[in-house]
There are 2 protein chains.
Amino acid sequence: MTAPATEPTNSRRSELLAIAAGLFAEKGFKNTTVRDIADAAGILSGSLYHHFDSKESMVDEILRTFQEELFGQYDEILAGGLDPAAKLEQAVLVSFEAIDKHRDEVAIFQNDAAYLLTFDRFSYLADRNQQSREVWLTLLQNGIDAGVLRADLDLELTYRFIRDTVWVAVSWYRPGGRRTHTEIARQYLSILFEGIATPAG
Amino acid sequence: MTAPATEPTNSRRSELLAIAAGLFAEKGFKNTTVRDIADAAGILSGSLYHHFDSKESMVDEILRTFQEELFGQYDEILAGGLDPAAKLEQAVLVSFEAIDKHRDEVAIFQNDAAYLLTFDRFSYLADRNQQSREVWLTLLQNGIDAGVLRADLDLELTYRFIRDTVWVAVSWYRPGGRRTHTEIARQYLSILFEGIATPAG
DNA sequence: GTCTATAGATGGATAGAC
DNA sequence: GTCTATCCATCTATAGAC
């Protein structure tokens, strides 16, 4: 039971990471200074280095934690017993839920992954991109094999369209807005599966 | 006929802007230094200031020129005599063509508009966002009125879906790849209008 | 755990020679 | 039109006092 002993430290650490995540998401990683983070936390920039090695370490910890959780959810869906269409639906719903629950982390990944990938220590982000591709391609291929998805689609393009549309929503979605993240996901799924044209036309 | 006299200057200017645009698109505006641009142009950073006031002036000129052309095309489509579905189709095709012909400019706008909007001189970017919204909403509303688009869709969400999916393609599209920009646009339109589900299902 | 103080690097931009 | 040389602001990170 070491939890009580380490909890105060960890909660302060989490607090600082949350502040940093908010700024990284809002202004971008490169454009956020350690002074910005320290100011927002009510301390001086030098004090941050008591908690973290560097600015990079902060964003590293933020992204790792988030991605472990997200990909854990994808793995559960893939391993679950739902039919192919329902699995695809679940993956979309889980993604929109991530945009709601972890807006900052998603935004950071969307905006700064390309830049961070130029550093060796962030090479795991490329692995996650690859893993994400495999998840969506598997879901789509299973849907085609089961006959519920059109077989004439370019799989790679369809994957990119889904991935991009889902994640780019982080740029405009705000919790407490006119639509819940679930409503947005449902509307999106309706367009994705049935299209915007009238059935007759 | 002053063109011959100013052409050498203008072509050098255009050359430098093209180099800057490539770097801005690749690394981001903030993350590109004037020394990067000068190095790529084979001159020293101080020499750049003979051609441009500042780094901001460069990206300003790049974005203004591009957006004038793009919105000119949208206006032509709106004013043209095509039926609503064909107009929407044309707007998508023109956008994918822009991704092909002006990849750097689209990428800069996608990645750095939020940051640039924090400066007064780039407030026109907000006007262009508003104008873009009106173009797509008009095209969609006309389609619904004409009965070719589903009336049960959330117009605002559908607009965002289209806008995001079209422009985000700049992050992965490369000229000379497996698919031309027109083929990608056609596939995209197929998904957008008809969905990915099998018609029977 | 935070502060004071500052090192060391890098950034945008300028002045004047050529 | 480019180069030399440099200013000044800003940034990440460190060392040691409290």
Side-chain angles (χ1 to χ4, degrees), chain A residues 2 4-24 26-63 108 111-112 115-116 118-122, chain B residues 2 4-24 26-63 108 111-112 115-116 118-122:
Chain A
T2 56
T6 56
E7 213 163 73
T9 303
N10 284 341
S11 74
R12 179 56 168 159
R13 192 182 178 79
S14 304
E15 202 181 341
L16 292 171
L17 282 179
I19 290 168
L23 290 168
F24 291 156
E26 184 193 331
K27 311 168 44 154
F29 176 74
K30 180 95 177 181
N31 194 35
T32 300
T33 71
V34 292
R35 284 186 181 85
D36 289 335
I37 301 168
D39 283 354
I43 58 177
L44 292 188
S45 64
S47 306
L48 271 182
Y49 290 84
H50 174 74
H51 302 276
F52 304 99
D53 281 348
S54 64
K55 198 172 85 163
E56 283 175 25
S57 294
M58 291 187 220
V59 76
D60 195 344
E61 194 165 332
I62 290 166
L63 291 179
I108 296 167
N111 297 328
D112 293 312
Y115 170 70
L116 295 173
T118 63
F119 301 98
D120 280 348
R121 72 177 295 172
F122 292 103
Chain B
T2 56
T6 56
E7 212 164 75
T9 302
N10 283 341
S11 74
R12 179 56 169 158
R13 192 182 178 81
S14 304
E15 201 181 340
L16 291 171
L17 281 179
I19 289 167
L23 289 168
F24 291 156
E26 183 194 331
K27 310 168 44 153
F29 175 74
K30 181 93 178 181
N31 194 33
T32 301
T33 72
V34 292
R35 285 183 179 83
D36 289 336
I37 301 168
D39 282 354
I43 58 178
L44 292 188
S45 64
S47 306
L48 271 181
Y49 290 84
H50 173 74
H51 301 276
F52 305 99
D53 280 348
S54 65
K55 196 173 88 164
E56 283 176 26
S57 294
M58 291 188 219
V59 76
D60 195 344
E61 194 165 331
I62 290 165
L63 290 179
I108 295 167
N111 298 328
D112 293 312
Y115 171 70
L116 295 173
T118 63
F119 302 97
D120 281 347
R121 73 178 295 173
F122 292 103

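Convention: sequence-line order gives letters A, B, ...; per-chain numbering from 1.
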For the residue pair [X] and [Y], establish whether any side-chain heavy-atom pair is separated by less than 4.5 Å.
| X | Y | answer |
| --- | --- | --- |
| A:Asp112 | A:Val59 | no |
| B:Arg13 | B:Glu61 | yes |
| A:Arg121 | A:Leu116 | no |
| A:Leu16 | A:Phe52 | yes |

Considering only nitrogen or oxygen atoms on both sides, find all protein atoms under 3.5 Å from nucleotides 2-4 of chain C and state each distance.
from: C:dT2; atom 1: OP1; to: A:Arg12; atom 2: NE; distance (Å): 3.4
from: C:dT2; atom 1: OP1; to: A:Arg12; atom 2: NH2; distance (Å): 2.9
from: C:dT2; atom 1: OP2; to: A:His51; atom 2: NE2; distance (Å): 2.9
from: C:dC3; atom 1: OP2; to: A:Leu44; atom 2: N; distance (Å): 2.6
from: C:dC3; atom 1: OP2; to: A:Ser47; atom 2: OG; distance (Å): 3.3

N/O contacts under 3.5 Å, protein versus nucleotides 8-12 of chain C?
from: C:dG12; atom 1: OP1; to: B:Thr32; atom 2: O; distance (Å): 3.4
from: C:dG12; atom 1: OP1; to: B:Lys55; atom 2: NZ; distance (Å): 2.9
from: C:dG12; atom 1: OP2; to: B:Val34; atom 2: N; distance (Å): 2.9
from: C:dG12; atom 1: N7; to: B:Arg35; atom 2: NH1; distance (Å): 3.4
from: C:dG12; atom 1: O6; to: B:Arg35; atom 2: NH2; distance (Å): 3.1

Can you tell me how far the [atom1] atom of [X] sits from the [atom2] atom of [Y], to the nearest 0.5 Å?
| X | Y | atom1 | atom2 | value |
| --- | --- | --- | --- | --- |
| B:Arg35 | B:Leu44 | CZ | CG | 10.0 Å |
| A:Leu17 | A:Ser57 | CG | OG | 10.0 Å |
| A:His50 | A:Leu48 | NE2 | CG | 11.0 Å |

Students should find that the end-to-end axis angle of the helix from C:dG1-D:dC18 to C:dC18-D:dG1, with five pairs defining each axis and rounding to 10 degrees, is 10°

Whole Å only: how far is the CG atom of B:Leu48 from the C1' atom of D:dT4?
15 Å

B:Ser47: which residues meet the side-chain hydrogen bond (donor to acceptor under 3.5 Å, both in side chains) condition with it, sequence neighbours left out?
none

Residues two or more places apart in sequence or in another chain: which of them pass ring-ring contact (aromatic ring centres under 6.0 Å, His included) with B:Tyr115?
B:Phe119

Under the salt bridge (Lys or Arg N to Asp or Glu O under 4.0 Å) rule, what pairs show up with a residue in residues 36-48 of chain B, not counting sequence neighbours?
B:Lys27-B:Asp36

